[in-house]
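Remarks on the structure that follows.
Everything quoted here is computed from the prediction, not taken from an experiment. Side chains are part of it too, since the values below use all heavy atoms of this structure and drop only hydrogens, waters and symmetry mates.
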There are 2 protein chains.
Amino acid sequence: MENSVFKALAHPARRQLLTMLRQGPRLAGGLAAEFEASWPTMSRHLAVLKDADLITAERQGNQILYRVNTSVLEDAASALLGLIGRDTGDDELKDAAE
Amino acid sequence: MENSVFKALAHPARRQLLTMLRQGPRLAGGLAAEFEASWPTMSRHLAVLKDADLITAERQGNQILYRVNTSVLEDAASALLGLIGRDTGDDELKDAAE
DNA sequence: CCTCTAATTAGCGGTTTCGCTAATTAGCAG
DNA sequence: CTGCTAATTAGCGAAACCGCTAATTAGAGG
């Protein structure tokens, strides 16, 4: 479960997608349009992110709206910080997400 | 550069190695001994981590001492937190496409 | 020199990932 | 139903990754 998250984060294009989604939800087409890679390629990157639960998809009529799942991202960052025994910014308690 | 870090983090055994190193420097043999996988396999995992600058190696006579590089780990965590526009405690850091 | 231990490197099959084109599904509108 | 747009799925070849065994380097010591 945690593994798929880090695997999803391993590809630059997918991290780029996440930074794009950081400012708000976006349509698949709009996201794909900003990359050199083909549309199906980007669609698969989105699928990988969704599989890792890093983003959620919501159908809106003809198109699909993607939204970043911040809590999973926070968990990953916490896990990383935990690797060095550093305070995560959240409390020592885990899963205390607002 | 940032890319190799996330790629290195993508494998469970390598994250496990980092958690082991979290409590202090250790010898390659001692680390490898705690895994089911063969010694050469673990040696390569260590090489990947070293390549990503997540750990440093120091020769000590016959053996090799590995040490975690906390700053790189912190940078990665910061990048992740930055993906959700959260304050990291460290300076703002962006993970460009690359 | 030779030998032993610690660790890495070389090379190999098997699996996964990646990016493409082509085909397909899903929804909307006439 | 037909056509159109948005997006995913199928399938393929190229490349990377993973874990193994065997071979090799590096250092300590007789």
Side-chain angles (χ1 to χ4, degrees), chain A residues 1-21 24-69 76, chain B residues 1-21 24-69 76 95-98:
Chain A
M1 194 172 193
E2 186 105 310
N3 193 37
S4 62
V5 172
F6 284 109
K7 258 158 85 158
L9 290 170
H11 198 287
R14 292 194 289 260
R15 291 197 301 278
Q16 181 80 28
L17 282 168
L18 289 174
T19 63
M20 288 173 171
L21 287 172
R26 302 206 32 193
L27 299 171
L31 290 166
E34 298 197 24
F35 288 84
E36 293 289 331
S38 72
W39 196 338
T41 292
M42 296 319 295
S43 182
R44 203 152 55 123
H45 281 311
L46 286 167
V48 171
L49 289 171
K50 179 156 146 291
D51 221 59
D53 220 29
L54 279 161
I55 59 175
T56 59
E58 184 190 340
R59 185 132 225 155
Q60 293 223 327
N62 213 2
Q63 29 208 9
I64 297 183
L65 191 70
Y66 282 101
R67 207 183 302 271
V68 68
N69 188 350
Chain B
M1 192 163 189
E2 191 87 38
N3 191 37
S4 63
V5 172
F6 284 109
K7 257 158 88 157
L9 290 170
H11 198 286
R14 292 194 289 259
R15 292 196 300 277
Q16 180 81 30
L17 282 168
L18 289 174
T19 65
M20 288 174 171
L21 287 173
R26 301 204 34 192
L27 298 172
L31 290 165
E34 298 197 25
F35 287 83
E36 293 287 331
S38 71
W39 196 339
T41 292
M42 297 317 296
S43 182
R44 203 156 52 125
H45 281 311
L46 286 167
V48 171
L49 289 171
K50 180 156 146 293
D51 221 60
D53 220 28
L54 280 161
I55 60 175
T56 59
E58 183 190 342
R59 187 133 224 156
Q60 293 221 327
N62 213 3
Q63 28 207 10
I64 297 182
L65 192 70
Y66 281 101
R67 207 183 302 269
V68 67
N69 188 350
D95 174 28
E98 227 225 319

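- Which of D/dC18, C/dA6, D/dA7 sits closest to the side chain of A/Ser43 comes down to D/dA7.
- Atom CG in A/Leu49 sits 5.0 Å away from atom CG in A/Leu18 (nearest 0.5 Å).
- The shortest distance between the side-chain N/O atoms of B/Thr41 and the OP1/OP2 oxygens of D/dG19 is not below 4.0 Å.
- Comparing C/dA6, C/dT21, D/dA7 against the side chain of A/Ser38 picks out C/dT21 as the nearest.
- Looking at the side chain of A/Asn62, the nearest of the listed nucleotides C/dA26, D/dC20, D/dA7 is C/dA26.
- Contact annotation for A/Phe35: no contact, since no heavy-atom pair falls under 4.0 Å across all strands.
- Summarising the geometry, atom CG belonging to B/Leu65 is positioned 5.5 Å from atom CG belonging to B/Leu27; distances are rounded to the nearest 0.5 Å.
- Atom CD of B/Gln60 has more than 12 heavy atoms from other residues, nucleotides or ligands within 6.0 Å.
- Considering only the side chain of B/Lys7, D/dA16 comes nearest among D/dA16, D/dA6, C/dT8.
- Between B/Gly29 and B/Trp39, the shortest heavy-atom contact is CA-CZ2, 3.6 Å.
- Following rounding to the nearest Å, B/Gln16 (CD) and D/dC18 (P) show an atom-to-atom distance of 16 Å.
- B/Gln63 has its CD atom 11 Å from the P atom of D/dG29, to the nearest Å.
- Side-chain atoms of B/Arg59 stay outside donor-acceptor range of the base of D/dG27, with no qualifying N/O pair under 3.5 Å.
- Taking atom CG of residue A/Asp51 and atom P of nucleotide D/dT8, one finds them 13 Å apart after rounding to whole Å.
- In this structure, B/Met42 places its CE atom 17 Å from C1' of D/dT21, rounding to the nearest Å.
- Distances shown here put a side-chain N or O of B/His45 below 4.0 Å from the OP1 or OP2 atom of D/dG19.
- Between A/Tyr66 and D/dA6, a side-chain N or O to OP1/OP2 separation shorter than 4.0 Å is absent.
- Summarising the geometry, the separation between NE2 on B/His11 and C1' on C/dT15 is reported as 12 Å, rounded to the nearest angstrom.
- Here C/dT17 presents its C1' atom at 16 Å from CG of A/Leu46, a figure rounded to the nearest Å.
- In this structure, A/Leu65 places its CG atom 13 Å from C1' of D/dA7, rounding to the nearest Å.
- As judged by a 4.0 angstrom heavy-atom cut-off over every strand, B/Lys50 is placed among residues making no nucleic acid contact.
- Looking at B/Arg14, its side chain never comes within 3.5 Å of a backbone N or O of B/Leu9 through a donor-acceptor pair.
- Inter-residue side-chain proximity for B/Val5 and B/Leu54 is flagged as met; some heavy-atom pair is nearer than 4.5 Å.
- With D/dC20, D/dT8, C/dT8 as the choices, the nucleotide that has an atom nearest any side-chain atom of B/Ala37 turns out to be D/dC20.
- Heavy-atom nearest nucleotides on DNA chain C were determined for A/Gln60 and for A/Ala10, and the one closer to the 5' end corresponds to A/Ala10.
- One can place CH2 of B/Trp39 at 18 Å from P of D/dT25, the figure rounded to the nearest angstrom.
- Put simply, A/Arg14 has a side-chain N or O that comes within less than 4.0 Å of OP1 or OP2 on C/dC18.
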